[in-house]
Every structure is written in structure tokens, then in C-alpha cells.
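Below you'll find the structure, written out as C-alpha cells, and then a few comments.
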Amino acid sequence: MTTRVLDVSRLPSFAFGHRSILWWATMGMILIEGTAFGLLAVSYIYLKWRVPEWPPGFAPPDLVWGTVTTIIILASALPNELARRAAERLDVPRARLWIWVSVIFAIAFCVTRALEFTTLNVWWDSNAYGSIVWFLLGTHTAHVVTDILDTGVLSTMLLIAPIDANRMVDVAENASYYYFVIASWLPIYVLLYLAPRLV
Amino acid sequence: MLQSVLESAGIQAARVESEWWFIFRVTTVVTVIVLAGLAVAVRRGLRGRDTGASEQRMLRYIGIAGAITVVILFAILVRSIFTSRALASERVSDVMQIEVMAYQWWWSVEYQHPEPEQRVRTANELHIPVGKTVAIKLLASDVIHSFWVPSLAGKLDAIPGHEAVLWLRADRAGVYRGQCAEYCGFQHAHMAFVVIAEPPDDFERWIQAQRKTANQPQSPIEQRGLQLVQQRACVMCHTIRGTAAGGRIAPDLTHFATRSTIAAGTLPRTPEHVNAWISDPQAIKPGNRMPTIALAPEDRAAIVAYLEQLR
Amino acid sequence: MSLTPVVQLEVTEDHIASESRALSHSWAQPRGVMGFLSEVDHKRIGLRFIITALVFFALGGVLAALMRIQLAVPENQFLGPDLYNQVFTMHGTTMMFLFAVPVFEGLAIYFIPLMVGARTIALPRLAAFGYWMFLAGGVFLYVSFFLNIGPDNGWFSYVPLAGPEFAPGKRSDTWAQLITFTEVASLVGAIVTIVTIFKYRRPGMTLDRMPMFAWAELVTSFMIIFAMPAVMLASTSLILDRLVGTHFFNQAQGGDPILYQHLFWFFGHPEVYLIFLPAQGLMSTLIQTFSSRPIVGYVALVTALVATAFMGFGLWVHHMFAAGLPEIGTSFFTAASMMIAIPSGVQIFCWIATIWSGKVRLEVPMLFALGYFVIFILGGMTGIMVASVPLDLQVHDTYFVVAHLHYVLIGGAVFPLFGALHYWFPKFTGRMPSHRLGLISFWLLFIGFNLTFFPMHQLGLNGMPRRVYTYLPGLGWETLNLAAAAGAALMALGALSIVINAIVSLRRGEMASRNPWNAATLEWSTSSPPPPHNFYPERVIGSRDPLWDDPPDQPIIEGIRSDRREVLVTRLLDAEPDHRYHSPEPNVWPFITAVFTTIMLIGSMYTPWAVVWGSIPPFITLIAWFWPRRTDINDESYPVEKARPQLNEATGPA
């Protein structure tokens, strides 16, 4: 007695992009954190809208380090993309190379980010403006630090842990999360640095 | 003493009450119809006589029911917006201004006047003339409170850093009880006040009397009471105009004995209650800001005697 | 040539038996204490969520009973103001954060994989981590309460009352940090649910064949993702104001207490719907099963869920009508608050039509569903009342709103929930619950509920504000409060009868078959309780109600490996097979990570440095969590060269 059988044994045992479980998990994280950033930005605008002068009582943050950070962040998209593409080709040596380059970029902008904190011209406990500036920058920095640690661990794994195709999926999804870190920075930069000068 | 949404005594509350009866009637009819429909459906379903009702046809009926829902909601919405408009129409500028400052857990009431010495301060009791709109400017000294006299108007929050104005008009003379409606901490439950609506002449007499400085004590015991009030910690917080007492963070006591309650509506103002309150305020209203001041019983009696003649 | 051919094969009894054995072995639950802590079986995690949430429900109920005793007579001395304020805060916080959200999350974790025909949940370790965080948060809250640092500023914790100036001590911090715990749990639960629904549906289960409960949980999960960050922001800003001297809500330094209210209610109103929507899914499930016919208006019901979710984000200001906001804005929120009644109405009409055209069986779950109609419709009507600004200004923050919200949440969510727990009891335990005890529970709860909460409408109109620890005699509130106390006693008996039913039925209940209620969804196609791998053999889905309508010769799915925890990943829209995936093995590190995260979060109530130094241990445990071990390695792609032949299929267009 025979039955109809759907044979799935020849399907691949891993997949990249929106077909993978990890991609969707990453998207979920991005949605959550994107919402948080959005609400933070709205809170910034809300506080700004309540007072006649902005920034109230303090000079806006200095442009230099914020802008340098922005440039490094944007530039780091390149090794990030190269790592992602290498991963999707299962090209372990190149993925390893570019992910390490990404780590170096990330460390570089952590340094400039630290300098950025010293030129905000306001403390978090000065007034509500200072609080929201520090909160916005701090939240983004927390994402950056998390991503560096995450990428660092992954890079280390590529050096010493057994590598299967799933590690390459990890590299690719780590890259999509990093794009979010970049993308979320740009509106924050506009709010913190340009809005007080232009509006 | 009235504290009810459904016993309105002022134009604002009356408008809301009429809105209430409108929505109440409409929703009651809708509820009865829907539950009757459910009952019919369950009866039919229990018999399990599936007559092969087509889903298409049922969906059409669901659509019709949905459309009726929209119409009903729209009617309620329109009426609600008209009520809001009507309520707002009381907002006129050229009216008597009363500033109410909410404290944890009492209300300071100040009748505004261009000349500072003509201003009147009292606590937990508002007098208003019947038939005249008054503007109540609400401020909060510490946390958020909400000013609510159900028989006269809906509530409005007093929020630190924000100023809110509530317009109300009493159309019937009477005593209307109100209470803080926003949770404000320990003694939120004991933060009541009364609004006394009286004929304009009575109101005028009342406010003239309130403008005077405090009565001079007559009898020796009353004089001793005043002396104690001025020597002891009372003056740090309370004001009694015409004496050395000038503290601003507690109720103004200048005409204390004209008020009907103590401790923000917690107890009727009788000599016994006043005495008990002074002897241990924390027992009556735990957590309130008034400290217990050690006083000999006869000293306390003197203070009560003095306070009771502050008419 | 297709990667997934349908072929005629002989599938022998021996083959099925040996595959079942292999599956039971590879999906076996680990033993011992370490095994308990390493659990990744979604059924175990789901049950833990449900049971823990029910324990918190019982605790919240005890707190409610204390309040009713205190208010039964005027000027009662039973609880002082200090304790009463803690009790009502704990009650609200418990019911919202430790019961209502987690219990539905637990149901989702348990039933979504079963309903979509999957062998497990996506990201099971994350789900386990979520559970441990939820448990830690709940235990933390109650330990704090007993250590006298339980919160006392209401479940909404408004500033400035909860801010640094007016709430010295740690009570407010406890509340704010509890939010962090429960939000982490809810958010990971939402991700897990979404990914499972999107990627783990059995072949043939296209989106338009998904069970209504899965739709409800999908929509709810998206709401969680967009709503929860707001309250995290509110509670984090609150804690920063308290701990490091920021001024977000300090009006003296340019902050604003109203900003807190906006953030809180931007979460707080959707919160109501993310309790209510899963219950709507349960209602559709129960009504379909006990009317013995497919649900009427499937598309309308799904649309109603989605519409409710969207509108749910446009109502938050109706909690702030008394805050003196501009009138034009409030009119918009009035309109939105009334319009949300439309999708609820459509759902109710669809259910009535289903009952009308079906063969109704008045089993206990159906009674709870009918109880929903009576209670929720009343709550919906008072909802229309509070949506009207003028009326709301009178009844806001009074017992009228207490009545309204309990009619909506208990009628709209708890009644369907109890119905569903009775309904699914045989699936959880393999035994039938007692019908007679179920009837007793229903009537005690139904009568007790109405006796408790109906008088509160009148109390509110008579001017009784919420959150008062006592009241004076002579205001016309005594009788109504006494009635409420009596009703509460009946409800307590009702809850007790449910516990008795569970215990008795667990021991002596009749053994349950696979599908004792003759339902249509997939969880009833496997044994009660299900095996660790949920299903074998699995058939391709052919209709919306597979157990009623699928032809008997639907193809069997073969080729998912049985020698490891492998699942079939399918495509988002059409559920076509896409790839095979090695689901994570049991692992103790999610538990350890949760322990260290707990330490960090509690430490951060005392010093901001706890965030810096306290983050290091969880980070290390996270590395251990994700570090690939031999059992985790995908042996079909290790070393990587072995994976090359699959590369085209793994990266090609989906």
C-alpha cells in the first residue's frame, strides 16, 4: 500500500537572508530598537517644543567629533558589506578578513564617540535638554558597544571555533544588524547636531 | 452634602448629566438587542437545525449590523462634541478668579484681587455666588492632583508646572462636596473640600468678612491660646493675618472657625475634633504633614479656644 | 527538477515506528536539575509561563480581596494607607505585567507551534530566557513587597509622585525595574511568536488557512513590539531621574510630567489590546469548536484584529482627558476611541452568526465564551461612555472606570482564558477536566463578578474616586461597597473550584483522546499530551480546518531528519518548503544569563555602575550560549566545503 509523500530531504540545511530564522529574529530586534529610537526622537522634539529657546541655556554640541564619528560610521558600511557578501559565498577567509576590518572601524569610532561625549557642552543633569541629549547618544552608543562585542565574539569564533554554514549566516545577519546601527545614527546626528543650529 | 454626577446643581454638570442619559439609553437599547440576538442564536444553535445558511447571506447581515454600529457611534460622537463645545462656551474671561493650589493633602484657596490686601486665603472650602460663572485656576505645589466637584463640573488635573482653568457655575444654592481624583500618595483618600454656593448677597458678606484680619482674642484663655500659637511651631506653617503667624505651607487659619471641616474634609470642625487633631494629627490622618507638638492639655484647650473664636 | 517532489512511496508501519522512536530520542527532554534548567521544549516553557502567570493571578486576586475587605465598610482600619497603597499598586502591576501578558504569551508558546503544525518553536533558547526573566521579575517584585520596598505609586507610577523628590527610598525603583524584566520577557516572546508563525508553518498552511488564534497572536506580537519600547523608555527615564539626576520629568529644569504620561499611555493603551486580542483569538477558537462549524467571516475577523491593533495606537490620550490638553486633539481621540468599537462589533456579529448557523454544544468552555458576551458587551458600552470627553471628565479616575476596565479585561480576556484552559486541559495533561466542577466554577465566577463590579458603576457616578484607602460614612457608598465585597468572596470560591478541578482531574479525570471536543485545528491531531517532537507522521495541510475538511490522502512529509532536532522552514506567504533547519539543542546558558541579568538589573537600582560592571557576566554567559558545540554543528555543512553543493539553493531567489 503506497501513499503520497512530500519528500523534503533534498532541501538545503541552511539559508541566507529573509529565508533564515536568524534574519527574522534580527528584524524583530531592529523593529523594537527602531521604535525605541523613534520615541526618543519624539521625546527630544517634545521637550524642544515646550521651550522658546533651543538648546536652552547651553551651546549646541561641537560639530567636529560628531561629524568625524558620522564619517567613520558611514565608511564602515563598506567592510561590513564585503563581509556579508563573502559570508553568502561561504568564503570563510574573506568573511574573516572583512569582519575584522569592521571591528577595527568600530573601535575607531568608539574612540571618536568618547571624544564626542566630551564636546556636548552640557551634562545629563544640567537640565532636561542635557538629559535627552545624553540619553539619545548613550542609547546609540550602547548599541554600538553591543554590536562591537557581538562582532568581536563572532570574529573570534571564525578564528577558533568549528565553522559550519550557520556561522556564515551569523556573519551575514550580524551585518544586517550593523546597517541598523548606521541607519539609526543619521537621524540622531541630525537631531543632536543640526536641529539646534538650523531650526 | 452632594457628591454625585447624577445630581447636578450647575450648568456644566447638568450638560454632562444630559449627555450621560443620552448615551446610557442608546447603549442600553443596543446591549439588549445584541444579547437578545445572541439568545436567539444560541437557542437555534442548540437545536442544531443547520438549514444550510449561506455564509454570503450571513456576511451581508453582519455588514448591515456593522453599518448600524457606525451610525450609532457617529450619533454619539456628534452629541459628545456638541457637549464639549457647550462646556467650553462657559469660558469667559471677565469673571471672578479663584486660585486653587493643591498640596499633599489639602487645598489652598485664594480669591484674587488687584490689591494684595484685599485677597482672601482659605483652605478646603470655596464659597461661590449662585448663578455666576467663576474661573478656578488650578495649580499644584507638589504632585499631580485633580479637582473634582461632581455636582458642579467634571474634573481637571492640577499638574506641577502647568496651569489649568476650570469654569463652573452653580445654579442652586447648596453645599457640594469635592475630592481629589488623581492618586497623590499616602492620604489621597482624605483630600476633600466643599463648595458652598450661596446667593450673591450672602457671598458678598462672606468675602467681606474674610478680608478682615483675625479676631482679637477676648477672654484670658483665648489670649493664652494666641500667645501659645505665636510661641510654638504653629507659626512656621500657618498664617493668621493680624498676628505673628505667617507660614505659607499649611492652611490659612485667619477665619478658621467659619469653616465646617478640618483636615481637608476628614472631620467636622468641633472643639473636640480640633483638640484631638492638635494632640495627634498622625493618628487621625497618618502621614499628613502636620507634626505632633507636645502640649499640656490645658495649653491645647487654650489653643482650641483661640482657634474657635477665629470667626 | 523540484527539490521537493511528491512521490508515491510505501510508508510501512515499521518505518513509522522506527522514525517515531528516533524522534523521541533526538527530541528527548533532558533529565535532572540541569535538564530542567536547560529545557527548550516549547510545551514545557509554555506551561511554565502559564502556571507561573496563574500563580501570580492568584496572588493578585488575594491582594484584590484584601482591598475589598478594607473597603467593605467606611473608615475601616484593616489596612492602613501605607499598606493599601502598596496593595493596589501590586494588584495592578501583577495583573497587567505578571498575569495577563505572560499567560497569553505562554499559550502562544505552547500552542502556536502545535497549531501551525511545527515540531517546535523558533528560537527556543530565547523563549527559555524570556521565561526565566519573567520568573525572576515576578519573584523580585514579591520579595521586594515583603521587604517593604514594594511599589506604592500605582501601576502607572506617575511622576512627580514617583520621582526623586516625592518617592524617596527604593519603592519606585522596584516598579521601574520590574517593567524591565517583564518587557524583556514580552519582547522575546513576541519575536519568537512572529518567527514561528512566519517560518514554521506546515506546508499547505498558507496565511489564509491559519487558525484564528495564530492570527490573534501574530497581531498581538507586532503590537508588543511597537508598544513595549514606550514603557521601557518611560521607566528607564524615571529611574535615570531618580538615580543619576536627569530631568526628563522635572518641570523646574525644562522637563515635563506630561511627557511621562504620553510615553506611559502610548504603551498603556495598546497594552489593553494586547491582552484583549489573544482572547479574541480564543473566542473564535471556542465558538468554532462548540458550534461545530467553520467560523463565519474568517476574513472579516482577521481584518477586525488588524484594525483593532492599528486603532489601538491612536487612543492613548483618552487616559489624559483630565490633564487639560487642547480640545481639538481630544476630539480626535474621542472619535478614535469610539471607532474601535466597530471591529469589536463585527467580531461579535460574526460569532453570533456562527452560533446561529451551527450545532451548539454547551460544554464548559462554551459557557465561558457566552459569559464573555454578556460581560464584555457591557464593558464595551461603558467604553463608549468614557470615550466621550465630557462624560469622561466626570467618571475618569472613579470607580466607574474600575468597573469598566474589569468588565473589559475580565469579561474580554479572563473569561475566554478560563474557557480555553478548560478546553485545552486534555491536551496539556491527557485527562478530561470535570464538567460538573467546571459548571460550578463558571456560575460562581459569573455571578461573583457581576456582584463585585456592577455596583462600582454606581459608586463612580456617586462620586467615589479610585485608589482611596478608605471613605467617610454618609456619602451613599456603604451598601455598594459591601455588595462588592460579597461578590469578591464568590469569585474567590470560583477560583478555588478551578484549582480543585485541576487537581482532581489531573489525578482521576477520564483519559483524553486526541481530539475529545472534535475540534478542527492541528493541536488536536496529535496525542494528548503531545510527544516531544509534537507530530509524526505529518501531513500537508489542505484546508482551513484540516481536521474537519482535509482529504484523507494528503501527502505525508518525509525527509526531515529524525536523528537531530530538525525542523522544516517554509516560506512566509505560501508556506512552501524552503530549507531544513537544525533547531537549537537544550542549553543551560539562557538560564545562567537570566540569573546574571537579574543581578545586574537589581544592582542598577542602587548604583549606575552596576550597569557597567554588571553587564560583563551576562555578556560572558551570552558567549557561552552562542558558542557552537559539537551537537550544535550542522553536520551537512561542516566543514564548510561540504555545504557548497547546497549553496545555490541556500542563496538563490526564494
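Naming convention: chains lettered A, B, ... in sequence-line order (proteins, then strands); numbering from 1 in each chain.
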Worksheet entry | Structural part of C/P645 lying under 4.5 Å from a heavy atom of chain A | neither

Worksheet item: Does atom CZ of A/R94 have more than 12 heavy-atom neighbours, drawn from other residues, nucleotides or ligands, at distances under 6.0 Å?
Response: no

Practice prompt. Against chain C, label A/V92 side chain, backbone, both or neither, depending on which of its atoms sit under 4.5 Å from a heavy atom there.
Written response: side chain

Fill in: Greatest number of heavy atom pairs closer than 4.5 Å to chain C - which of A/G17, A/P12, A/G34, A/A128
A/P12

Worksheet item: How far does CD1 of C/I633 sit from CG of A/N166, to the nearest 0.5 angstrom?
Response: 8.0 Å

Practice prompt. Side chain from CB out, backbone as N, CA, C, O: work out which of these in A/S126 comes under 4.5 Å of a heavy atom of chain C, or both, or neither.
Written response: backbone

Worksheet item: Do A/S13 and C/Q646 get their side chains close enough for a donor-acceptor pair, meaning under 3.5 Å?
Response: yes

Worksheet item: Given that the side chain runs from C-beta out, which part of C/F248 has a heavy atom under 4.5 Å from chain A: side chain, backbone, both or neither?
Response: both

Worksheet entry | Verdict with supporting geometry, A/L31 and C/F222, side-chain contact (heavy atoms from CB on, under 4.5 Å) | CA-CA 9 Å; A/L31 271 187; C/F222 273 103; 4.0 Å; yes

Worksheet entry | Pairs of heavy atoms under 4.5 Å with chain A: top-ranked of C/H582, C/R539, C/M232, C/R580 | C/R580

Worksheet item: Shortest non-hydrogen contact from C/V11 to A/T3?
Response: CG2-OG1, 3.5 Å

Worksheet item: Is there any residue in residues 77-87 of chain A with a non-hydrogen atom under 4.5 Å from a non-hydrogen atom of chain C, and which ones are they?
Response: none

Item to complete: With a 4.5 angstrom heavy-atom cut-off, could you sort out which part of C/L126 is near chain A: side chain, backbone, both or neither?
Response: neither

Worksheet item: Side-chain contact, heavy-atom cut-off 4.5 Å: A/F135 with C/T236?
Response: yes

Worksheet item: Heavy-atom distance under 4.5 Å to chain A: side chain of C/L240, backbone, both or neither?
Response: side chain

Practice prompt. Report yes if the side chains of A/L11 and C/D578 come closer than 4.5 Å at any heavy-atom pair, otherwise no.
Written response: no

Worksheet item: Tell me, side chain or backbone of C/V569 under 4.5 Å from chain A's heavy atoms, or both, or neither?
Response: side chain

Worksheet entry | Pairwise distance CD1(A/I30) to CD1(C/I225) - rounded to 0.5 angstrom | 11.5 Å

Worksheet item: C/I194 versus chain A, heavy atoms under 4.5 Å apart: side chain, backbone, both or neither?
Response: neither

Worksheet item: Is the number of heavy atoms from other residues, nucleotides or ligands under 6.0 Å of C/R630 CZ greater than 12?
Response: no

Item to complete: Ignoring hydrogens and angles, state whether a donor on the side chain of A/T2 or C/Q8 is under 3.5 Å from an acceptor on the partner side chain.
Response: yes

Worksheet item: Do C/I191 and A/M29 touch side chain to side chain, with heavy atoms closer than 4.5 Å?
Response: yes

Worksheet, complete the sentence: Of the listed A/L39, A/I21, A/V5, A/T35, the one with the largest count of heavy-atom pairs under 4.5 Å with chain C is A/V5

Discussion item. Between C/H247 (side chain only) and A/D125 (backbone N and O only), is there a donor and an acceptor less than 3.5 Å apart?
Written reply: yes

Worksheet entry | Beyond-backbone contact of C/F619 with A/V153, side-chain heavy atoms, under 4.5 angstrom | yes

Worksheet item: Side chains of A/R167 and C/P628: does their closest heavy-atom pair fall under 4.5 Å?
Response: yes

Fill in: Partner of A/W24 by side-chain contact (heavy atoms from CB on, under 4.5 Å), out of C/V195, C/T196, C/L123
C/V195

Practice prompt. Can you sort out the partners of A/A165 under side-chain contact (heavy atoms from CB on, under 4.5 Å), two or more places apart, ordered by chain and number?
Written response: A/F14, A/L90, C/S637, C/A643

Worksheet item: Quick one: are A/S43 and C/L263 in side-chain contact, heavy atoms under 4.5 Å?
Response: yes

Discussion item. Give the interface residues of residues 172-196 of chain A toward chain C, defined by a heavy-atom separation under 4.5 Å.
Written reply: none

Worksheet item: For chain C, which residues from residues 45-69 of chain A have at least one heavy atom closer than 4.5 Å to it?
Response: A/Y46, A/L47, A/R50

Worksheet entry | Check against side-chain contact (heavy atoms from CB on, under 4.5 Å), C/W627 and A/I160 | CA-CA 11 Å; C/W627 200 267; A/I160 55 177; 3.8 Å; yes

Worksheet item: Does a side-chain heavy-atom distance below 4.5 Å link A/L6 with C/I556?
Response: no

Worksheet entry | Top contributor to chain A contacts, counting heavy-atom pairs under 4.5 Å, from C/P639, C/P229, C/A227 | C/P229

Worksheet item: How many angstroms lie between CG in C/L9 and CG in A/D7, if you round to the nearest 0.5 Å?
Response: 7.5 Å

Item to complete: Select one option (side chain, backbone, both, neither) describing which atoms of A/L154 are under 4.5 Å from chain C's heavy atoms.
Response: neither

Discussion item. How close do C/D553 and A/R4 get, counting heavy atoms only, and between which atoms?
Written reply: O-NH2, 3.4 Å

Worksheet item: Nearest heavy-atom pair of A/F16 and C/T651: which atoms, and what distance?
Response: CD1-CG2, 3.3 Å

Worksheet item: Which one, A/N127, A/T146, A/D170, leads in non-hydrogen pairs under 4.5 Å with chain C?
Response: A/N127

Fill in: Leading residue by heavy atom contact count with chain C [cutoff under 4.5 Å; candidates A/M157, A/M168, A/E33]
A/M157

Worksheet item: Tell me, side chain or backbone of C/R644 under 4.5 Å from chain A's heavy atoms, or both, or neither?
Response: both

Worksheet entry | Part of C/N250 lying under 4.5 Å from any heavy atom of chain A | neither

Worksheet item: Is chain A contacted by the side chain of C/V540, its backbone, both, or neither, given a heavy-atom distance below 4.5 Å?
Response: side chain

Practice prompt. Answer with side chain, backbone, both or neither: which region of C/D241 has an atom nearer than 4.5 Å to a non-hydrogen atom of chain A?
Written response: neither

Worksheet entry | C/P5 and A/R10, any side-chain heavy atoms less than 4.5 Å apart | yes

Discussion item. Quick check: closest heavy atoms across C/H579 and A/R19, and the distance to 0.1 Å?
Written reply: CE1-O, 3.1 Å

Practice prompt. For residues C/G559 and A/V8, report the shortest heavy-atom separation together with the two atoms involved.
Written response: C-CG2, 3.8 Å

Discussion item. Please check this pair: side chain of A/W124 against backbone of C/V244, looking for a donor-acceptor N/O pair closer than 3.5 Å.
Written reply: yes

